[in-house]
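Residue numbers run from 1 in the order of the sequence given. Since the structure is predicted, the reported quantities are computational estimates derived from the model, not experimental observations.
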Amino acid sequence: MAGPTTVNDEAQLAQTIEMFEVITQSQPLDYQSLEILKEAYYKLGRQKDVVNTSKRIAQAYVQLGQLSSAILEYESILQRYPEDPDVKAALQDIESKAGNYVAAAAVQEGDLAVRSTPGQPLPSAQPAEDVDDGRLTMEKIFVDGRLLSAPDFNLYWRTPKPTDAPGTLHEPFIQVLADKGLVPLDRSLKLVCERSRLPFLPLEKYDIDVDVARGFPRELCYRWCILPFDRMSKSVQVATANPFNRQVVAELEHATRSRLLWYLCPPGELVRAIRKMLR
């Protein structure tokens, strides 16, 4: 049973559950969000929901081909409920498919920065510049996708420089495109979300943890327009509007030992939240 919670804790956990249930219903393979959901249920002592969410996590692992992780998740349920028929049947199904060999799934979407695991090297990039800030992937989406001309892309793409004034907040590229009337924001968000496969989070509806936000270097958050907005167990949730930026992943991993869970957020909401939290 989880430890005692205050009224404020319970309200925050209820908000977390409401939001991440919506996210995981629309994106059932998002095991990161499912983990957060499970943790929230655990802290509220809702054991039935904990078990059900754990099963959803295992099912997501199976569909993603991560069979070893699925087995571990199912076995964690059996430690407390050794006679659970659903878990037993699921494990037998995995064994019949995989035999005695469980393969670890290959890393997917090699150009997706936020899939990297803390403590491990970032995926090898194909940078045209020293800083891999997601430019190449964004160029594929917008220029190769014929939504934007190459000259316009080069004109409006902005890579922060060491000579920039401290505290300069660079607005996300997709917001700049919307402001210039080049690509509607909803279309950009849809394309980036589909390519990155990240969960989408309306940040303005979330009760941001100020201590978490201010526990990371302000200059880093301003330079790359990202915001750590909450902590769940050993993970830190981070909002971004450019999920292909490997450079910020590397920099943020140097600032924490926690696992990073990334979410795609509307850029306007992200900018407002950064300015409010990190004034």
Item to check | side-chain hydrogen bond (donor to acceptor under 3.5 Å, both in side chains) partner of Glu73, the single match among Gln59, Lys38, Arg56 | outcome: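 That would be Lys38; it is the only one of Gln59, Lys38, Arg56 passing the side-chain hydrogen bond (donor to acceptor under 3.5 Å, both in side chains) with Glu73.
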
To the nearest 0.5 Å, what is the distance between [atom1] on [X] and [atom2] on [Y]?
{"X": "Gln47", "Y": "Asp49", "atom1": "CD", "atom2": "CG", "value": "9.5 Å"}
{"X": "Leu148", "Y": "Ile141", "atom1": "CG", "atom2": "CD1", "value": "12.0 Å"}
{"X": "Ile174", "Y": "Ser188", "atom1": "CD1", "atom2": "OG", "value": "5.5 Å"}
{"X": "Glu39", "Y": "Ser235", "atom1": "CD", "atom2": "OG", "value": "8.5 Å"}
{"X": "Leu203", "Y": "Met19", "atom1": "CG", "atom2": "CE", "value": "8.5 Å"}
{"X": "Arg223", "Y": "Leu169", "atom1": "CZ", "atom2": "CG", "value": "12.0 Å"}

Checklist entry - Around Arg187, counting heavy atoms of other residues, nucleotides and ligands shown, do more than 12 lie under 6.0 Å from its CZ? => result no

Next on the checklist: Tell me whether Glu18 at atom CD has more than 12 heavy atoms from other residues, nucleotides or ligands lying less than 6.0 Å away.
Outcome noted: no

Is the closest side-chain heavy-atom distance between [X] and [Y] below 4.5 Å?
{"X": "Met277", "Y": "Val210", "result": "yes"}
{"X": "Phe216", "Y": "Val238", "result": "no"}
{"X": "Asp30", "Y": "Ile23", "result": "yes"}
{"X": "Tyr81", "Y": "Val51", "result": "yes"}
{"X": "Tyr61", "Y": "Leu72", "result": "no"}
{"X": "Val192", "Y": "Met138", "result": "yes"}
{"X": "Thr240", "Y": "Val248", "result": "no"}
{"X": "Ile208", "Y": "Leu227", "result": "yes"}

Heavy atoms only: give me the nearest [X]-[Y] pair and the separation to one decimal.
{"X": "Leu264", "Y": "Pro243", "value": "CD1-CD, 4.2 Å"}
{"X": "Lys88", "Y": "Pro82", "value": "CE-O, 3.1 Å"}
{"X": "Val236", "Y": "Pro228", "value": "CG1-CB, 3.9 Å"}
{"X": "Gln27", "Y": "Pro199", "value": "NE2-CA, 3.2 Å"}
{"X": "Leu278", "Y": "Tyr222", "value": "O-OH, 3.5 Å"}
{"X": "Cys225", "Y": "Leu270", "value": "O-CD2, 3.2 Å"}

Item to check | Pair Trp224-Leu252, side-chain contact (heavy atoms from CB on, under 4.5 Å): steps then yes or no | outcome: CA-CA 10 Å; Trp224 297 115; Leu252 202 59; over 6 Å; no

Would you say [X]'s side chain and [Y]'s backbone share a donor-acceptor pair under 3.5 angstrom?
{"X": "Thr256", "Y": "Glu253", "result": "no"}
{"X": "Glu204", "Y": "Glu269", "result": "no"}
{"X": "Thr16", "Y": "Gln12", "result": "yes"}
{"X": "Glu139", "Y": "Ala150", "result": "no"}
{"X": "Arg80", "Y": "Ile77", "result": "no"}

Item to check | Gln175/Val271 under side-chain contact (heavy atoms from CB on, under 4.5 Å): CA gap, chis, key distance, verdict | outcome: CA-CA 10 Å; Gln175 183 65 58; Val271 168; over 6 Å; no

Checklist entry - If two hydrophobic side chains count as joined below 4.5 Å and joins carry through other members, does Leu182 share a cluster with Phe173? => result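 Yes, it is one cluster - the side chains of Leu182 and Phe173 are joined through contacts under 4.5 Å.
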
Checklist entry - Does Val22 share a hydrophobic cluster with Leu198, counting links as ILVMFWY side-chain heavy atoms below 4.5 Å and allowing steps through other members? => result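 Per the 4.5 Å side-chain linkage, Val22 and Leu198 are not co-clustered.
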
Are [X] and [Y] linked by a side-chain donor-acceptor pair shorter than 3.5 Å?
{"X": "Trp157", "Y": "Asp133", "value": "yes"}
{"X": "Arg135", "Y": "Asn242", "value": "no"}
{"X": "Thr137", "Y": "Arg195", "value": "no"}

Item to check | Test log, rule side-chain contact (heavy atoms from CB on, under 4.5 Å), inputs Leu78 and Leu91 | outcome: CA-CA 11 Å; Leu78 288 181; Leu91 285 173; 3.4 Å; yes

Do NZ/NE/NH1/NH2 and the carboxylate oxygens of [X] and [Y] come within less than 4.0 Å?
{"X": "Arg259", "Y": "Glu35", "value": "no"}
{"X": "Asp152", "Y": "Lys180", "value": "no"}
{"X": "Glu10", "Y": "Lys43", "value": "no"}

Next on the checklist: Just checking Tyr263 against Phe20, ring centres under 6.0 Å apart?
Outcome noted: yes

Checklist entry - So, do Tyr206 and Phe229 have ring centers that fall under 6.0 Å from each other? => result yes

Checklist entry - side-chain contact (heavy atoms from CB on, under 4.5 Å) between Arg158 and Val176: does it pass, once the steps are laid out? => result CA-CA 10 Å; Arg158 179 75 167 84; Val176 174; over 6 Å; no

